Amino acid sequence: MVTRFAPSPTGHLHAGGARTALFNWALARSQPGGRFLLRMEDTDRARSQAALAESILADLRWLGLDWDGEPVFQSARTPHYQRAIAELLAADLAYPAFETPGELDAMRGKAREHSPGGGFSYHRPPNWDRAAALAKAEAGAPHVIRLHLAAVLALCGAEREIFAVEDQVLGTVEFAADALDDFVLQRQDGGVTYHLAVVVDDDAQGVTHVLRGQEHLANTPRHQALQRALNLPRPHYAHLPVIQNPDGSKMSKRDREKGIAVDIEDFRRQGVLPEVLLNFLALLGYSPGEKLPDGRDLERFNREHLLRHFSLARVGRGNARFDRSKLAAFNQDSIAALPPAEFKAHWTTWCNRYAEDAWSAQAQKMGEARRALFLQALQPRSKSLADLTALDGPGAFALLKTHEFAYDEKAVSKWLRRGEPSGLERLRELRPLLAELAHFDPESIEAAVAGFCEARGIGLGKAAQPLRVAVTGGASSPPLGITLAILGQTETTARLDRCLAEIGGAQNSARKDSA
RNA sequence: GUCCCCAUCGUCUAGAGGUUAGGACUCCGCCCUUUCAAGGCGGCAACGCGGGUUCGAUUCCCGCUGGGGACGCCA
């Protein structure tokens, strides 16, 4: 079995493309001796970019997908296409046509007028003068080369041969005989179209199974017609459901402009682990159909599992919407489950590529020991690697400087102002205790605060919450000991002073006002 | 408009001619807890509609509706 992934380097690898690549990879790798090939469909010279081809390759590698041999670039295969065109021309299975794009537009418009919505299809007229046309083309008149469908049909035993697609996911799909016309094989500029290239290359590379998005389904009769015309074997076809946005629209570059992640690069930047993205992508339009011992569906699996168990029979037929919150949940679980060393490695890699300068400066200042505590505290609280350095994330308290974070008014009033004695008063007592602590590690801090509470016969929350609000501005953070230890003794003291001055001062004047 | 594909909780899905229609994510509640996160327990929530076939259909067939895709000298 030979499969292939054949992206066009006119954009980055996007979620749908990655899923197609993944399934092709899994299908080939699930078979002994199966091969998975890569081909860059860069026949559109104007839109293709070498840098994009490289980025697609990089994203595939990042996902952990490997391919056999070197990627084939269609731009380097022109002679093969020319040979195919020449062969078709010689057999009168293709012919030159001279309409300009403008003329074709007009013809389409006219066809629409006559039957509203009626499709336009191009066919060579019966009284067509082959010799004259060939001579005109030879003389240099601008022209395209079109497939001579009627002649191809004459080659077939039955029209079914090209109009019926035996799809391994969808079953047999029958197209109407007028679904095809004499489509263009070679453009005026001499470049061949996708249809010709794909058929020639799939044959040249020995591809046996073509797994692609459902948007290609209607192209398949064209490809089957070309295979017939060129006398090439027909691969097996399977068309995958389309991946959609949550609102049911197609994922597109437009969504990217709105800041919605679409490309693999986007998810990478957001701090999604590659194995998580791979896992999640595999769940769109596919289900392993396995139950766990406790009766749950198997949903979390890795590359190796997919490669061992993947089957086209488990591919769905309906389109799938991309649910980011589920991805986030998977990502958080996977991050939390990582061995700390691996987590650190992932995070370091991510930082080197994407982290903001603000974080870099802060990390420098933190030093190794506190940085380790930070990672330890944040690992189980991060939905993504980007969360760690996000100024609105769970680690923000450690990222912002002493005077940068804001106090949450509700938290302040609940934990600092209310009560008798108030939280502020507890803070005044706690400040020297913490400032003089010999060892400022999580355990010592916890012990000191616990001792403080015990001595006064109060619950831990009475001291922990005011402290938390004072040093983070809000009522939630990692456990108190580690929170303070991450900040360090100097910073903790400074923040307590800021709090006492700002909130304490404000409180005093507020009391006067109300009195 | 024409052609094609699809149709189970909001989303991803499992599923069988007879099931209390299962799981996951989201959301809600409770427990745990110094807060958050995590974890545990529980809850809300689906077979689009109309005809057949059948003892019985959510499952099979047809129609409708709805969603999606394709209709390029893009791929």
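Proteins get letters first, then strands, A, B, ... in listed order; numbering begins at 1 in each. If you're wondering where the values come from, they're calculated on a predicted model, not measured in any experiment.
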Will you find, in the side chains of [X] and [Y], an N or O donor that is under 3.5 Å from an N or O acceptor?
X	Y	result
A/Gln49	A/Glu54	no
A/His239	A/His216	no
A/Gln205	A/Arg39	yes

Choose from [options] the nucleotide whose nearest atom is closest to any side-chain atom of [X].
X	options	answer
A/Ala475	B/U35, B/U34, B/C73	B/U35
A/Arg300	B/A24, B/G69, B/U34	B/A24
A/Phe330	B/A75, B/A24, B/G69	B/A24
A/Ala218	B/C4, B/A70, B/U34	B/A70
A/Gln188	B/U34, B/C73, B/A75	B/C73

For [X] and [N], give me the distance from atom [atom1] to atom [atom2], rounded to whole Å.
X	N	atom1	atom2	value
A/Phe5	B/A75	CZ	C1'	12 Å
A/Tyr81	B/A75	OH	P	11 Å
A/Phe183	B/C73	CZ	P	12 Å
A/Arg4	B/A75	CZ	P	14 Å
A/Asp181	B/C71	CG	C1'	10 Å
A/Asp105	B/C71	CG	P	15 Å
A/Asn245	B/G67	CG	C1'	14 Å
A/Tyr407	B/U35	OH	P	21 Å

Contact string for nucleotides 5-15 of chain B, one letter per nucleotide 5' to 3', B = base within protein heavy-atom range under 4.0 Å, S = sugar-phosphate only, - = neither, reads SS----BBSSS

With rounding to the closest Å, how many angstrom separate the [atom1] atoms on [N] and [M]?
N	M	atom1	answer
B/C6	B/C47	C1'	15 Å
B/G48	B/G67	C1'	11 Å
B/G18	B/G56	C1'	7 Å
B/C41	B/C4	P	50 Å
B/A16	B/G22	P	15 Å
B/U58	B/G50	P	10 Å
B/G66	B/C73	P	31 Å
B/A7	B/G40	P	34 Å

Looking for any heavy atom pair under 4.0 Å, which part of the strands does [X] touch: base, sugar-phosphate only, or nothing?
X	result
A/Asp178	nothing
A/Leu104	base
A/Pro380	sugar-phosphate
A/Thr100	base
A/His195	base
A/Ala176	nothing
A/Pro394	nothing
A/Ser8	sugar-phosphate

Does [X] qualify as a cation-pi partner of [Y], given the criterion of NZ or CZ under 6.0 Å from the six-membered ring centre and within 45 degrees of its axis?
X	Y	result
A/Lys136	A/Phe98	yes
A/Arg146	A/Tyr122	yes
A/Arg456	A/Phe452	yes

Comparing nearest nucleotides in RNA chain B, the 5'-proximal residue of the pair A/Arg222, A/Ala179 is A/Ala179

*asked:* Less than 4.0 angstrom between a side-chain N/O of A/Arg468 and OP1 or OP2 of B/C36, yes or no?
replied: no

Could you check whether any side-chain heavy atom of A/Ile335 comes within less than 4.5 Å of a side-chain heavy atom of A/Lys383, counting everything from C-beta outward? no

* Can a donor-acceptor pair under 3.5 Å be found between the side-chain atoms of A/Asn219 and the base atoms of B/A70? -> no

Can you tell me the base-pairing partner of [N]? Count Watson-Crick or G-U wobble geometry only, both distances below 3.5 Å, and say none if there is no partner.
N	result
B/U53	none
B/U19	none
B/U35	none
B/G66	B/C6

With sequence neighbours left out, the residues meeting salt bridge (Lys or Arg N to Asp or Glu O under 4.0 Å) with A/Arg212 are none

Rounded to the nearest 0.5 Å, the CG atom of A/Asn24 sits from the CG atom of A/Leu240 at a distance of 7.5 Å

Between the CG atom in A/Leu375 and the CZ atom in A/Arg370, the distance rounded to the nearest 0.5 Å is 13.0 Å

